[in-house]
Amino acid sequence: MRSARAGIEAGLSGAVSALNADEKVDLELRPSREARFGDYQSSVALKLARPLRRAPAQIAADLMGRLDLEEATVEAVSGYLNFRLRPRWLQEVVRQAAADSNYGSSDVGCGQRVQVEIGSVNPTGPLHIGHGRSMILGDTIGRLLAFTGHQVSREYYVNDQNKQTRLFAASVSARLHGQEPPPGGYTGGYVTELAEQARAELPGIGAMSEAEAEARLRDFAIQRMVELLDRSVSRVNVHYDEWYWESELWRRGLPQAAIERLRAGGHLSEREGAIWFSPAVPGWEEADEDRVVIRTNGEPTYFASDLGYLLSRFEDRGFQRVVEVWGADHHGYVPRMKAATALLGLDPQNLQVVLVQMVNLKEGKMSKRQGRFVTLDELVDRVGSDAVRYFYLLRSADAMLEFDLEAALSQGNENPVYYAQYAHARLFNVERTAQRTHPDLPAEPDLALLDKPWELAVAKEIARWPETVETAARELEPHRLPHYAQRLADAVHGFYQAGNELPDNRMVVPDPDMTRARLELCRAARNSLRIALDQMGVSAPEQM
RNA sequence: GCCCGAGUAGCUCAGGGGAUAGAGCAACCGCCUCCUAAGCGGUUGGCCGCAGGUUCGAGUCCUGCCUCGGGCACCA
């Protein structure tokens, strides 16, 4: 069953082309801003007025006459087209949403193989709450893409060859020998702990030559950090499909191959003893500065690895599309990677980068702390996984996130997580009550009984779920999920409230047929809400 | 200096060129002899940062400026 949006769009599109409008015109189909304008609105008649040299109202009336939709009725008002979903169609939506445990899923992705690369920070320290935002956002993008028919692999790229990780290993080594870490090294207590663990688990490490010990230690320490990291993100329901090690790239000769390809294409030059990449390429003029690929001392930069990483994904492993989720502080790196992609003969369109803005912690009324000094684990300890995920997803990626600890900790109105979860728990409770009081309900509901405004309001929100998912997945905008959950929960609480005001309007009433019909609506709403929460990685409790 | 993002109600933020700009929270006023009040209804609250421009129509697109955050490595 197609979404309401898709159905109306198809019909409207047909009607517009019947008017012989030359150019392709945006249908301007939107959810209505006000109830009196119906459920969807289109201003396409206003758009067509000029090319058709006719009055908008006349065009709107003409279009209305050509529209006969199963989803909605149409009304032309002062140049606008207002669509109202038909009760019959809404009933069908309810029937389906109640039955389909994957309601809203689709195959629009056509099985496209997508890699979502999430996080990939240097594994040299604990994750802070800014990293956490990237992880959760990326994970949710992965969920959305999988739900819309893409074949998704969530990957963490483990840097283990670069300068920082070497410095990290040197810091562990220094602790192992009872010395201070080198200048600019890592001084946290976890470094000393790692050294202790290495002493216990790598027998003879203290006696090895410095070079050998360094290599062994680096492997050991990074492996340990990756395990810790996995444990931290698992607590917020983030699970990677793949941990891809930078060293693996070099073993497979991929950076070398990429460098060769760029050299052959004339995009590398030698200067001051180093090898530079010149990203001059039409369309990516922003990346106009040369960058070092091989240092003067012969060692590659991270950029060399990244070139190989592009080949690894698009060629070696055959991903058709890569979505990278980076902290916004890496934005300057985007044009360079896009240019490199193009110069390697790949399509930069298939490399999408989602930049995630920073997180600030708001404690109490006054103090604000920069996210980089608070660990993700600490935050999860304080407020729990559900609140962390919900609050992180609430804001669009390019808005800075002000994490309100007070609100996340509260058990009251100011905590939006509970609002949606409470709606779910309430619906579950209604179903439980109905089972108790009406053990012999009819198998099939008569959904035509659902005609109250608050009932139809719930059905309309349920009907919006498939298009919400589709848009969120297409635009890579997970923040639409909590906003949707909020709206659906709104409608659910309104539905419930009607029963508080008048017992006849309760979901469970003496009349078994009415109870059965409303129960179907409960199931449909609860299913939609559960799926929405599930896409966010937030739990849907059965009681609160 | 250059690049990216943000600037919308007291606070935190949604707004895909279209009708009178929205939500949550906060503030104020109401609603439980209960299918869960972690809920519901109502009221108050806006030069959409500023100035131009494009358009029949701009919070939305363009230009300039202001403020805040971030970035501009042979770090990642």
Side-chain angles (χ1 to χ4, degrees), chain A residues 26 28-34 36-37 41-44 46-47 49-50 56 77-80 82 120-122 124 159 162-165 167 184 272-276 286 289 291-297 299-303 305-306 326-335 355 357-358 360 362 365 370 391 394-404 407 410-419 421-423 425-434 436-437 471 475 477 479-480 483 486-487 489-490 492-494 496-501 503 506-509 515 518 522 543-544:
Chain A
D26 184 350
E28 305 283 349
L29 187 66
R30 310 269 185 271
S32 297
R33 304 180 73 145
E34 286 182 55
R36 68 194 169 99
F37 299 140
Q41 59 175 63
S42 168
S43 58
V44 70
L46 298 171
K47 267 277 189 302
R50 187 186 291 269
V77 184
S78 60
Y80 293 88
N82 296 331
S120 306
V121 293
N122 276 329
T124 54
N159 293 290
N162 61 44
K163 217 169 178 173
Q164 287 305 315
T165 51
L167 182 59
E272 301 151 23
I275 309 236
W276 298 71
E286 280 175 76
E289 277 183 61
R291 301 289 161 168
V292 170
V293 181
I294 307 288
R295 297 186 177 93
T296 315
N297 66 6
E299 286 185 4
T301 64
Y302 62 92
F303 187 54
S305 293
D306 282 346
W326 293 349
D329 52 344
H330 287 63
H331 84 88
Y333 197 45
V334 176
L355 295 172
Q357 292 290 330
M358 316 209 69
N360 279 327
K362 186 174 157 194
K365 286 273 185 280
Q370 289 267 306
F391 275 76
L394 209 43
R395 308 299 173 222
S396 76
D398 43 44
M400 227 179 70
L401 179 74
E402 191 108 351
F403 196 99
D404 189 338
S410 102
Q411 304 239 315
N413 275 347
E414 60 272 31
N415 195 336
V417 189
Y418 291 126
Y419 187 79
Q421 291 184 321
Y422 185 50
R426 267 186 153 177
L427 290 170
F428 192 88
N429 191 56
V430 167
E431 291 171 49
R432 212 159 28 202
T433 304
R436 200 176 58 237
T437 59
T471 309
E475 307 293 329
E477 292 179 340
H479 73 272
R480 293 171 183 277
H483 286 275
Q486 171 81 32
R487 286 185 55 135
D490 256 339
V492 166
H493 287 309
Y496 192 95
Q497 189 63 25
N500 280 348
E501 279 155 25
R506 284 189 192 159
M507 303 181 187
V508 180
V509 288
T515 302
R518 287 178 180 160
C522 281
Q543 60 180 26
M544 291 177 75

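Just so it is clear, the model here is predicted, and its values are computed rather than measured. Order of the sequence lines fixes the chain letters, A, B, ..., with proteins taken first and strands second; residue numbering starts at 1 for each chain.
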Margin query: As a test of reading the structure: which of U12(B), C35(B), C72(B) is closest to the side chain of Glu289(A), going by heavy atoms?
Written below: C72(B)

Next item on the list: State, yes or no, whether a side-chain contact exists between Thr124(A) and Thr165(A) at a heavy-atom distance under 4.5 Å.
Entry: yes

Next item on the list: Select base, sugar-phosphate, or nothing to describe what Arg487(A) touches, counting heavy atoms under 4.0 Å on all strands.
Entry: nothing

Notebook entry, point to check: Would you say Ser396(A) reaches A14(B)'s phosphate, i.e. side-chain N/O to OP1/OP2 under 4.0 Å?
Noted result: yes

Item checked: Length of the CD-C1' vector between Gln486(A) and C40(B), whole Å -> 14 Å

Check: Taking for each residue the nucleotide of RNA chain B bearing the nearest heavy atom, is the 5' side occupied by Gln357(A) or by Met507(A)?
Finding: Gln357(A)

Check: Taking atom C1' of G5(B) as reference, at what distance in whole Å does atom CZ of Arg395(A) sit?
Finding: 16 Å

Note to self: Mind checking if Pro31(A) touches a base, just sugar-phosphate, or nothing, with heavy atoms under 4.0 Å?
What the structure shows: base

Notebook entry, point to check: What orientation do Phe403(A) and Phe391(A) show, parallel under 30°, tilted 30 to 60°, or perpendicular over 60°?
Noted result: tilted

Next item on the list: If the glycosidic angle is within 90 degrees of 0 it's syn, otherwise anti, so just tell me which one C32(B) is.
Entry: syn

Next item on the list: Find the distance Met544(A):CE to C34(B):P and express it as a whole number of Å.
Entry: 23 Å

Next item on the list: Classify the nucleic acid contact of Asn500(A) as base, sugar-phosphate or nothing, counting any heavy atom under 4.0 Å across all strands shown.
Entry: base

Next item on the list: Could you state the atom-to-atom distance from CD of Glu501(A) to C1' of U33(B) in whole Å?
Entry: 17 Å

Next item on the list: Using whole Å, report how far CE of Met400(A) lies from P of A6(B).
Entry: 13 Å

Notebook entry, point to check: In whole Å, what is the span from the CZ atom of Arg506(A) to the C1' atom of A37(B)?
Noted result: 14 Å

Notebook entry, point to check: Does Arg426(A) make a cation-pi contact with Tyr496(A), if we ask for NZ or CZ under 6.0 Å from the ring centre and within 45° of the axis?
Noted result: yes

Note to self: Does Ala425(A) reach a base, just sugar-phosphate, or nothing at all? Heavy atoms under 4.0 Å.
What the structure shows: base

Checklist line | Closest listed nucleotide, where the reference is the side chain of Val292(A) and the choices are C40(B), C74(B), U20(B) | finding: C74(B)

Next item on the list: For Glu475(A), report the nucleic acid contact type (base, sugar-phosphate, nothing); a contact means any heavy atom under 4.0 Å.
Entry: nothing

Next item on the list: Could you tell me whether the phosphate oxygens of G15(B), OP1 or OP2, come under 4.0 Å of any side-chain nitrogen or oxygen in Arg33(A)?
Entry: no

Check: Going from CG on Asp404(A) to CG on Asn360(A), what distance comes out if it is rounded to the nearest 0.5 angstrom?
Finding: 12.0 Å

Checklist line | Contact nearer the 5' end of RNA chain B, comparing Lys163(A) with Arg480(A) | finding: Arg480(A)

Check: According to a strict under-4.0 Å criterion, is His479(A) in side-chain N/O contact with OP1 or OP2 of G15(B)?
Finding: yes

Check: Tell me: OH of Tyr419(A) to P of C25(B), nearest whole Å?
Finding: 8 Å

Next item on the list: Could you state the atom-to-atom distance from CD of Glu34(A) to P of A19(B) in whole Å?
Entry: 9 Å

Notebook entry, point to check: Ser43(A) near the nucleic acid: base, sugar-phosphate alone, or nothing, with a heavy-atom cut-off under 4.0 Å?
Noted result: base

Margin query: Can you list everything that forms a salt bridge (Lys or Arg N to Asp or Glu O under 4.0 Å) with Arg506(A)? Sequence neighbours excluded, please.
Written below: none

Checklist line | For RNA chain B, stems built from three or more consecutive Watson-Crick or G-U wobble pairs below 3.5 Å | finding: B:1-7 with B:66-72, B:10-13 with B:22-25, B:27-31 with B:39-43, B:49-53 with B:61-65

Checklist line | Tyr496(A) vs C32(B): side-chain N/O to OP1/OP2 distance below 4.0 Å | finding: no

Check: In terms of ring plane angle, is the pair Trp326(A) and His330(A) parallel, tilted or perpendicular, where the classes change at 30° and 60°?
Finding: tilted

